[in-house]
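One is the number of the first residue; the rest follow in order along the sequence.
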Amino acid sequence: MARFCKYIVLLASAVFLLTSCQEGGEAGSLFGQWRLMDADGKYVSFSGSVCLFRNAGRREVNGQFRHSGDSLFIQCVSVRQDPADTLLVENDFGFSPFTDIRLKIDRLDGDNLVVSRGDRKWSFCLY
(Lines give C-alpha, C1' and ligand atoms only; values in the text may rest on other atoms or scores of the structure.)
Protein backbone atom coordinates (compact mmCIF):
# COMPACT_ATOMS: atom_id res chain seq x y z
CA MET A 1 0.00 0.00 0.00
CA ALA A 2 2.81 2.44 0.88
CA ARG A 3 4.48 1.74 -2.46
CA PHE A 4 1.18 2.43 -4.27
CA CYS A 5 0.79 5.76 -2.45
CA LYS A 6 4.31 6.82 -3.44
CA TYR A 7 3.46 6.22 -7.10
CA ILE A 8 0.26 8.23 -6.80
CA VAL A 9 2.17 11.14 -5.22
CA LEU A 10 4.82 10.90 -7.97
CA LEU A 11 2.17 10.86 -10.70
CA ALA A 12 0.31 13.80 -9.15
CA SER A 13 3.58 15.76 -8.91
CA ALA A 14 4.40 15.04 -12.55
CA VAL A 15 0.95 16.18 -13.71
CA PHE A 16 1.25 19.32 -11.59
CA LEU A 17 4.67 20.10 -13.05
CA LEU A 18 3.53 19.56 -16.62
CA THR A 19 0.47 21.76 -16.28
CA SER A 20 2.30 24.56 -14.46
CA CYS A 21 5.23 24.63 -16.90
CA GLN A 22 3.17 25.82 -19.84
CA GLU A 23 4.00 29.45 -19.14
CA GLY A 24 5.87 31.48 -16.58
CA GLY A 25 2.71 32.13 -14.58
CA GLU A 26 3.48 33.25 -11.05
CA ALA A 27 7.24 33.05 -11.64
CA GLY A 28 7.23 36.48 -13.29
CA SER A 29 10.82 37.78 -13.55
CA LEU A 30 12.15 34.55 -12.02
CA PHE A 31 10.85 32.45 -14.95
CA GLY A 32 13.57 30.36 -16.58
CA GLN A 33 16.65 28.34 -15.76
CA TRP A 34 19.29 30.06 -13.62
CA ARG A 35 22.89 28.84 -13.38
CA LEU A 36 24.72 29.28 -10.09
CA MET A 37 27.75 31.46 -10.85
CA ASP A 38 31.17 30.04 -10.01
CA ALA A 39 29.69 26.52 -9.83
CA ASP A 40 29.60 24.36 -12.94
CA GLY A 41 26.45 22.39 -13.51
CA LYS A 42 24.19 23.74 -10.76
CA TYR A 43 20.86 25.14 -11.89
CA VAL A 44 17.56 26.31 -10.44
CA SER A 45 14.53 26.64 -12.70
CA PHE A 46 11.34 28.55 -11.91
CA SER A 47 8.00 28.15 -13.68
CA GLY A 48 4.52 28.81 -12.40
CA SER A 49 4.92 28.21 -8.68
CA VAL A 50 7.27 25.25 -9.13
CA CYS A 51 11.06 25.22 -8.88
CA LEU A 52 13.56 22.54 -9.84
CA PHE A 53 17.09 22.17 -8.47
CA ARG A 54 19.48 20.27 -10.74
CA ASN A 55 23.20 19.46 -10.62
CA ALA A 56 25.69 18.21 -13.20
CA GLY A 57 25.08 14.64 -12.03
CA ARG A 58 21.53 15.06 -13.34
CA ARG A 59 20.03 14.72 -9.88
CA GLU A 60 16.85 16.78 -9.61
CA VAL A 61 14.75 17.98 -6.70
CA ASN A 62 11.34 19.64 -7.04
CA GLY A 63 9.86 22.29 -4.86
CA GLN A 64 7.28 25.01 -4.68
CA PHE A 65 8.17 28.65 -4.31
CA ARG A 66 6.55 31.97 -3.56
CA HIS A 67 8.02 35.32 -4.53
CA SER A 68 6.77 38.14 -2.33
CA GLY A 69 8.39 41.57 -2.60
CA ASP A 70 12.11 41.08 -2.01
CA SER A 71 11.62 37.64 -0.42
CA LEU A 72 11.77 34.16 -1.92
CA PHE A 73 10.26 31.22 -0.04
CA ILE A 74 10.98 27.67 -1.24
CA GLN A 75 9.67 24.36 0.05
CA CYS A 76 11.42 21.35 -1.50
CA VAL A 77 9.82 17.94 -1.78
CA SER A 78 11.53 14.57 -1.79
CA VAL A 79 9.03 12.19 -3.38
CA ARG A 80 11.34 9.21 -2.84
CA GLN A 81 12.34 10.47 0.63
CA ASP A 82 15.94 10.07 -0.48
CA PRO A 83 18.55 11.75 1.77
CA ALA A 84 20.51 12.60 -1.40
CA ASP A 85 17.72 15.05 -2.33
CA THR A 86 18.27 16.98 0.87
CA LEU A 87 22.04 16.88 0.35
CA LEU A 88 21.66 18.33 -3.16
CA VAL A 89 19.76 21.38 -1.93
CA GLU A 90 21.49 21.91 1.42
CA ASN A 91 25.09 21.02 0.49
CA ASP A 92 25.42 21.66 -3.27
CA PHE A 93 23.43 24.90 -3.20
CA GLY A 94 23.77 25.84 0.47
CA PHE A 95 20.03 26.44 0.91
CA SER A 96 18.51 25.18 4.14
CA PRO A 97 16.43 23.91 5.73
CA PHE A 98 15.20 21.71 2.88
CA THR A 99 11.50 22.24 3.59
CA ASP A 100 11.57 25.93 4.53
CA ILE A 101 14.12 27.98 2.56
CA ARG A 102 13.84 31.75 3.02
CA LEU A 103 16.00 34.07 0.93
CA LYS A 104 16.19 37.80 0.30
CA ILE A 105 16.30 38.88 -3.34
CA ASP A 106 19.04 41.51 -3.56
CA ARG A 107 18.95 41.82 -7.34
CA LEU A 108 16.63 40.54 -10.06
CA ASP A 109 17.09 42.21 -13.40
CA GLY A 110 17.28 40.76 -16.87
CA ASP A 111 19.89 38.04 -16.70
CA ASN A 112 21.02 38.41 -13.07
CA LEU A 113 19.65 37.09 -9.81
CA VAL A 114 21.37 37.63 -6.48
CA VAL A 115 19.86 36.16 -3.32
CA SER A 116 21.14 36.28 0.23
CA ARG A 117 20.54 35.11 3.77
CA GLY A 118 22.46 36.77 6.54
CA ASP A 119 26.00 37.38 5.31
CA ARG A 120 25.88 34.69 2.59
CA LYS A 121 25.14 35.58 -1.07
CA TRP A 122 24.41 33.48 -4.15
CA SER A 123 24.65 34.86 -7.70
CA PHE A 124 22.86 33.31 -10.65
CA CYS A 125 22.74 34.14 -14.35
CA LEU A 126 19.92 33.25 -16.73
CA TYR A 127 20.97 30.24 -18.76
Who are the ring pair (Phe, Tyr, Trp, His ring centres under 6.0 Å) partners of Y43, not counting sequence neighbours?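 Here the qualifying residues are Y127.
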Does any part of the side chain of [Y], heavy atoms only, come nearer than 4.5 Å to the side chain of [X], both counted from C-beta?
| X | Y | answer |
| --- | --- | --- |
| R66 | S49 | no |
| R59 | D85 | yes |
| L72 | L30 | yes |

Got a sec, which residues hit salt bridge (Lys or Arg N to Asp or Glu O under 4.0 Å) with [X], two or more places apart in sequence or on another chain?
| X | result |
| --- | --- |
| D40 | none |
| R117 | none |
| D100 | R102 |
| D92 | none |

Could you pull out the closest heavy-atom pair between [X] and [Y], with the gap in Å?
| X | Y | result |
| --- | --- | --- |
| F65 | V50 | CE2-O, 3.4 Å |
| C76 | I101 | SG-CD1, 4.0 Å |
| Q33 | L126 | O-CD1, 3.5 Å |
| F124 | V115 | CE1-CG2, 4.1 Å |
| K121 | S116 | CG-CB, 3.8 Å |

Are V44 and V114 joined in one hydrophobic group, where the rule is that I, L, V, M, F, W and Y side chains link up if heavy atoms are under 4.5 Å apart?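 Different clusters: V44 never reaches V114 through Ile, Leu, Val, Met, Phe, Trp or Tyr contacts under 4.5 Å.
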Using the side-chain hydrogen bond (donor to acceptor under 3.5 Å, both in side chains) criterion, which residues pair with S123? Sequence neighbours excluded.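 Applying side-chain hydrogen bond (donor to acceptor under 3.5 Å, both in side chains) to S123 gives none.
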W122 side-chain N/O to F93 backbone N/O, donor-acceptor pair under 3.5 Å: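 Checking the backbone N and O of F93 against the side chain of W122, a donor-acceptor pair under 3.5 Å is found.
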Under the side chain to side chain contact (heavy atoms under 4.5 Å, CB included) criterion, do I105 and L103 qualify, and how do the steps go? CA-CA 6 Å; I105 298 175; L103 303 167; 6.0 Å; no
Hey, is CZ on R120 packed in by over 12 heavy atoms from elsewhere, all under 6.0 Å?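 Count over threshold, so yes.
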Please assess F31 against S47 for the test side chain to side chain contact (heavy atoms under 4.5 Å, CB included), listing each intermediate value before the final yes or no. CA-CA 5 Å; F31 178 74; S47 181; 3.6 Å; yes
To the nearest 0.5 Å, what is the distance between CG on N91 and CG on N55?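 The CG atom of N91 sits 11.5 Å away from the CG atom of N55.
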